[in-house]
Amino acid sequence: MEVTWKIEVLSDVPSNRLGVNGQVAKVTWRIENFSSMKDGKYCSEIFTVDGNNWQLWIYPKGDTVGFLSIYLHFAGSANLASKWTRHAHFRIAVIDRLDRKNSKTRGIALKFEAKKTTWGFRSLLSLTELRKPERGYLLNDVCLIEAYVVTYKTDATVPKEEDINTFFTSLESKFLSSNTNISPKEVKEALANVEKALNMTPVIFSNSGKLSSLTHAFKILASFGGSSTTLTVEQKQKLLAIEKSLKKLADRAAKVSQDKNSLTGKESDNLMVKNKLDRNRIKYKEFESEVEKKLAALRVQVKEAEKKRDNMLAEVKEMEKKMAKYEAEAKNVEEEEKSVEAEWGRIKASISSIKGKI
């Protein structure tokens with residue numbers, strides 16, 4: 001287990017703000033290899049606020065079964081007078097290093113007495129929630145705890161937890177920025193994970209199950225705040241955009257892999273279809289050739305029939321001409337016959353007239 005401490009004390013805080021005495025301490029406790037911590041109590045270094053010595057206690061397996069427990073302890077309480085008292089505002093936070101908005105935060109106003117020198121939160125965060133991989137409470141097995149402590153005047157009105165949290169939040173920007181959130185080592189590991197993923201083919205990456213670790217890697221890179229390597233807002237947005245693009249590509253690659261596997265499973269069926277297709281193509285060619293031959297024979301017959309039709313049509317026309325000529329001649333003969341009969345009748349009449357006169 002490796003521990004990194006950072007203790008910052010902010011002085012001259014206006015006394016009219018929740019009745020504080022003037023100093024606010026921020027304690028950052030970074031615990032690496034958190035899972036290797038044994039059951040029981042672990043104590044922080046002692047820090048001083050307004051001349052009072054304090055200490056954080058943590059129970060990694062829980063003072064109560066199933067929960068992470070953290071307390072604020074007044075150090076050096078062995079020789080306190082029986083009527084000794086101190087009033088303090090205390091806020092503790094277990095930081096989600098992937099998204100600080102999800103950090104578990106509690107604030108409380110406390111009265112310490114000689115017979116009660118330890119106060120805190122027995123059920124701060126469930127161990128189940130603490131260990132969730134999608135949370136950043138134990139990212140890379142590192143637990144980051146931030147505590148704010150300030151003493152206040154005895155006659156001050158006891159504030160609500162919401163007011164205490166608001167008060168400490170308003171002071172956060174006044175403390176020096178700390179590099180204990182994401183370490184350079186974690187950034188190097190994150191970059192290595194990204195490069196390792198990009199060296200894979202999209203299909204292999206999608207089947208590797210490493211998308212969640214890659215997401216963590218990008219969030220680590222976007223969260224890093226080293227003194228010379230702080231990313232701009234634009235660079236962070238670009239990193240998150242790249243992460244989304246890679247996720248979409250991984251999803252597409254997974255779909256491609258699924259489709260390929262589906263096609264592979266149908267190879268025997270596809271082979272049967274192909275063979276049947278080839279046979280049908282051959283049959284079609286044979287049938288097409290046979291049809292073409294029959295069509296050729298029919299074309300010859302059609303040409304012969306057309307020729308016969310044309311000949312018959314010519315004969316019909318010739319006969320029509322002859323018929324017309326015959327009809328014209330018959331008409332002429334008929335008219336001639338009528339003319340002869342008429343002339344004959346006139347001659348007959350003339351003879352009858354002559355006969356009557358004799």
Side-chain angles (χ1 to χ4, degrees), residues 1-7 26-45 55-72 90-107 120-148 165 168 172 177-194 196-197 208-226 231 236 239-240 243 247:
M1 179 184 69
E2 298 179 16
V3 178
T4 302
W5 280 97
K6 187 174 183 64
I7 300 175
K26 178 185 178 182
V27 182
T28 306
W29 192 2
R30 176 188 170 94
I31 306 171
E32 299 186 20
N33 300 317
F34 185 85
S35 60
S36 67
M37 298 178 75
K38 306 297 183 182
D39 196 6
K41 179 178 72 177
Y42 290 79
C43 303
S44 74
E45 295 179 356
Q55 192 176 45
L56 294 179
W57 290 357
I58 182 173
Y59 291 80
K61 308 297 183 183
D63 186 19
T64 298
V65 176
F67 285 86
L68 177 70
S69 307
I70 300 179
Y71 300 94
L72 176 65
F90 173 49
R91 188 181 81 170
I92 192 74
V94 182
I95 305 301
D96 184 331
R97 296 196 301 135
L98 292 177
D99 188 350
R100 289 184 70 93
K101 295 192 296 294
N102 293 327
S103 300
K104 181 63 177 180
T105 303
R106 293 292 307 275
F121 304 97
R122 177 172 294 175
S123 303
L124 179 63
L125 179 64
S126 74
L127 298 181
T128 301
E129 183 73 11
L130 178 71
R131 294 165 182 153
K132 282 184 177 179
E134 63 269 24
R135 297 296 191 189
Y137 298 126
L138 291 181
L139 179 64
N140 296 332
D141 203 21
V142 175
C143 185
L144 186 66
I145 298 170
E146 291 181 354
Y148 288 85
N165 288 332
F168 285 125
E172 285 180 353
S177 60
S178 173
N179 294 341
T180 54
N181 186 13
I182 303 296
S183 68
K185 178 182 177 182
E186 287 178 304
V187 171
K188 289 180 180 179
E189 291 176 353
L191 283 172
N193 287 336
V194 172
K196 185 176 180 181
S208 67
K210 294 184 178 181
L211 181 60
S212 60
S213 62
L214 187 65
T215 299
H216 284 183
F218 272 103
K219 287 186 177 181
I220 287 173
L221 294 175
S223 301
F224 183 55
L231 299 177
K236 290 182 178 181
L239 273 174
L240 293 176
E243 177 201 347
K247 185 180 184 302

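Remember, it's a predicted structure, so these values are computed and weren't measured experimentally.
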So, [X] side chain and [Y] main chain: donor-acceptor pair closer than 3.5 Å or not?
{"X": "Y137", "Y": "P133", "value": "no"}
{"X": "N140", "Y": "V142", "value": "no"}
{"X": "Q55", "Y": "S44", "value": "yes"}
{"X": "D96", "Y": "G136", "value": "yes"}

(message) Working note: M37 + Y42, criterion side-chain contact (heavy atoms from CB on, under 4.5 Å); need CA distance, chi angles, decisive distance, verdict.
(response) CA-CA 9 Å; M37 298 178 75; Y42 290 79; 3.4 Å; yes

Could you check whether any side-chain heavy atom of [X] comes within less than 4.5 Å of a side-chain heavy atom of [Y], counting everything from C-beta outward?
{"X": "L144", "Y": "V94", "result": "no"}
{"X": "F34", "Y": "L130", "result": "yes"}
{"X": "W29", "Y": "L56", "result": "yes"}

(message) I need the minimum non-hydrogen distance between T105 and R91, along with the two atoms involved.
(response)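 Looking at all heavy atoms of both residues, the shortest contact is CG2-CD, 3.5 Å.
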
(request) Could you tell me which non-hydrogen atom of G120 sits nearest to which non-hydrogen atom of F90, and how far apart they are? (result)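 So the two residues come closest at CA-CE2, 4.4 Å.
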
(request) From the options L124, I70, I92, select the one residue that forms a side chain to side chain contact (heavy atoms under 4.5 Å, CB included) with I58. (result)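 With I58 as partner, L124, I70, I92 yield a single side chain to side chain contact (heavy atoms under 4.5 Å, CB included), made by I70.
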
(message) Just to verify, what does K41 make a salt bridge (Lys or Arg N to Asp or Glu O under 4.0 Å) with, not counting sequence neighbours?
(response)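 By the salt bridge (Lys or Arg N to Asp or Glu O under 4.0 Å) rule, K41 matches no residue at all.
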
(message) Taking R30 first and then E146, would you say they form a salt bridge - that is, a charged N and a carboxylate O separated by under 4.0 Å?
(response)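 Salt bridge: no.
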
(message) How long is the straight-line distance from CZ of R131 back to OG of S126, given to the nearest 0.5 Å?
(response)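 If I round to the nearest 0.5 Å, the distance is 9.5 Å.
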
(message) Ignoring hydrogens and geometry beyond distance, is a side-chain donor-acceptor pair present between D63 and Y71 at under 3.5 Å?
(response)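 There is such a pair between these side chains.
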
(message) Between S35 and D141, is there a side-chain donor-acceptor contact under 3.5 Å, judged purely by atom types and distance?
(response)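 Per modelled atom types, D141 and S35 side chains form a pair under 3.5 Å.
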
(message) According to side chain to side chain donor-acceptor pair (under 3.5 Å), who are the partners of N102, at least two apart in sequence or on a separate chain?
(response)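 With neighbours one apart ignored, the set is empty.
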
(message) Just to verify, what does Y148 make a ring-ring contact (aromatic ring centres under 6.0 Å, His included) with, not counting sequence neighbours?
(response)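 Partners of Y148 by the ring-ring contact (aromatic ring centres under 6.0 Å, His included) criterion, ordered by chain and then number, come out as F168, F175.
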
